[in-house]
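All ligand and atom numbering here is 1-based and tracks the order in the structure. Heavy atoms only: backbone and side chains are in, while hydrogens, waters and symmetry mates are out.
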Amino acid sequence: MLLFRYLCIALLLAASTDAMAGLEAKDARLRLLPGNLPAAGYFSLTNTGTESVVLTGAQSPTYAEVMMHRSAIENGTASMQHIEKVEVAPGATVNFASGGYHLMLMQRRQPVALGDKVEVTLQFADGQSLPVTFTAVSPSAQ
Ligand SMILES: [Cu+2]
C-alpha cells in the first residue's frame, strides 16, 4: 500500500505540464474503476493569462462521452451534479479533485491499464482547446 502510494507520487511527478497561451494543466490523472464504470479525471488548471477563461467541456478519443461533474455532500448524502462550465479567473487555479470538480469519462472505446496515457482535450468558451495527457492511476489514488 505504502509502496503503491510512492508509485503514485512518482507518476504525478513524472507527469508533464500541458499548456497553451495563458493556460496550464498539471497533475492530470485518470482514476480507473473496475469494469465498465466511468473513470474520473483529475487535474489542476491555472489561468496564467490576463482574462477569465471558461471551461465548457472535454472530449477524448478513448471515451465516447466526457462530462464535467461536481461532487457535493448535502445533508450527509454524497451526490454528483452535471456542470456546464467552470470559470477560471486570471491568476487562479481550479482543482479537479476527489470530492469536487471532476471529469467523468464514460463508455470506454478501448482497454485502459494502469500507467497508460490517455489524451483528453479541454474545450473553452472562446473556441480554444487544450490537449492534456492524463496518466491512468488506480482506484485507490486520490
Ligand atoms: Cu461524476
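Coordination check, Met80 versus the Cu ion (ligand 1): passed, since an N/O/S atom of the residue sits under 2.8 Å. The distance from the Cu ion (ligand 1) to the nearest N/O/S atom of Met67 is not under 2.8 Å.
Ion pairing of Glu87 with Lys85 is absent here, as no side-chain N (NZ or NE/NH1/NH2) approaches a carboxylate O to less than 4.0 Å.
Within His69, the N/O/S atom positioned nearest the Cu ion (ligand 1) carries the name ND1.
In this structure, the side chain of Arg109 does not engage the main chain of Gln107 through any donor-acceptor pair within 3.5 Å. Within the 3.5 Å criterion, the main-chain N or O of Gly115 finds no donor-acceptor partner in the side chain of Thr135.
Aromatic rings of Phe96 and Tyr101 (six-membered ring for Trp) have centroids within the 6.0 Å cut-off, being under it.
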